[in-house]
Amino acid sequence: MRSIYFSALTLVALLGWGAGPAVTKSFAQSAGAGRANRPNIVVIVSDDHAYQAISAYGSELMQTPHIDRIARNGVLFGKAYVTNSICGPSRAVLLTGKYSHKNGYKSNTDSHFDAGQDSFAKRLQAAGYQTAWIGKYHLGNKLEGFDYWQILPGQGHYFNPDFLFMDGSRKRVEGYVSDLITEAAERWLENRDREKPFCLIIGHKATHRTWMPDTADLGMFDQVEFPLPSNFYDRYINRQAARVQDMSIATTMLLDYDLKMYPEDTKDGNFTRMNPAQRAAYKDYYDPIQRELERSGKRGRELTEWKFQRYMRDYLSTAASLDRNVGRTLDYLEKHGLAENTMVIYMSDQGFYLGEHGWFDKRFMYEESFRTPLLMQYPGHIPPGLVSDEPVMNLDIAPTLLEAAGVPVPGSMQGQSLLPVLRGQAGSREVVYYHYYEHGEHAVSPHFGIRTARYKLIRFYGAVESWELYDLEKDPGEMNNLYGKRRYDRIASDLKEQLVSLIRKYDDAEALALLD
Ligand code: CA
């Protein structure tokens, strides 16, 4: 079966790594913000939203008309990467413009985010911006650099979520989380000081596990049979770290917790906190599916493929509300005359597996979770409909926002502003460095590595000690580990040199110590 999952990769491949975007001179000349006309900034950060599920990225799984609007109005980054593919650490990188080993937040399980450190928010605030973070934050309950914040505690809930407020209060709000976060953002925009520019971060919970759709969206993909990714039945040959993971649809994904085949509740209390109407809508939808599953007696591959279909339907239905709410934020900016002078960024905290390698979740340096959607509109500064294939990172967002606001970028930030690339200048990075630390849920061994235009070299350590090498041109699905094959010895040793050079550049002592 031909996979539709590679259409985005194919698109990017056709464009070619390093093929600079066509940028007209007038745009180049108008770029750079004077203090008199500083842009507003809106950064929408979703959670676990895969580029494979965004139509602007070539997805055929669903349409995302509102995220696609940003692509039409501005730029789609076809090769945007994260430094560490997991929720909290990715937000820490976003705020600080520094790798995890520099900002101190390496993993969700045993790191503490020091909110006292430097961040783009603090610098924008000091430069006269009004700053706000609304929605999922996932870096504790202490925020600095924000004039206003209203966050979900931890992961938060999809239905009738609690919010934490600046005055220390905690309040449960009736409704669906994506709508509530968007509404809170609009309320803040309504009440802001209109004399000052603003920087608003909207942190969405969607599409994080357990992918609970808004009741209005239940069943929207029931008529669709999703094709299995071509490497769905990956056997992880010669790839020990991939073999020992615990994030497969077949064995890790739970019928009750994940796929809602529950009579009463899940461990997160997602079901019990629903109001009677929400609960009735869920029961009306899921109970017949559960009865049909029980009646069918599916097992083995048949059950696994049934789980994949249910996963896709829940995930994509949850994404539908997310996309609608992105549209609502764009509508607000347009209706209030703000769109012309506002830089809008849409990104996820990382990518996600939609069945590739048989998986859900993230963490690995393989493309689906290493890459993140990243789109940006900034009228007058980014020409509409641009596709950039420059290798960029979430590390670059903080410097980008500072440059747009005319605020100097501190040398301690490790990213590079994206604006020069959008002015048609060559990118400052040819090789991307990654380091993942957590070894807990889902049993993914810590690893670090680099991706060049053609190759990827990964060093797993801790639980699994191994190297992996991929030729992405020949093997975009990353199934054939070439490390240790004699004809790749020279390539491997050249890549190791590049790896060491980036480790030194980013001053990652822990990684350096692990290389002989
Ligand atoms: Ca995430």
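Numbering of ligands and ligand atoms starts at 1, following listing order. The structure displayed is predicted, hence computed values, not measured ones. All residue numbers in this chain count up from 1 along the given sequence. What's counted below: heavy atoms across the whole structure, side chains too, no hydrogens, waters or symmetry copies.
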Quiz item: OD1 (Asp349) to the Ca ion (ligand 1) to OD1 (Asp48): angle, nearest 10 degrees?
Solution: 100°

Quiz item: Just wondering, is there an N, O or S atom on Cys87 that's nearer than 3.0 Å to the Ca ion (ligand 1)?
Solution: yes

Quiz item: Just wondering, is there an N, O or S atom on Ser348 that's nearer than 3.0 Å to the Ca ion (ligand 1)?
Solution: no

Quiz item: Can you find a heavy atom in the side chain of Phe308 that is under 4.5 Å from one in the side chain of Met253?
Solution: no

Quiz item: Taking NZ, NE, NH1 and NH2 as the nitrogens, is one of them in Lys171 or Asp162 under 4.0 Å from a carboxylate oxygen of the other?
Solution: no

Practice problem: Report yes if the side chains of Ile151 and Lys136 come closer than 4.5 Å at any heavy-atom pair, otherwise no. | Solution: no

Quiz item: Taking NZ, NE, NH1 and NH2 as the nitrogens, is one of them in Asp118 or Lys122 under 4.0 Å from a carboxylate oxygen of the other?
Solution: no

Quiz item: To the nearest 10°, how many degrees is the angle Gln350 OE1 to the Ca ion (ligand 1) to Asp47 OD1?
Solution: 160°

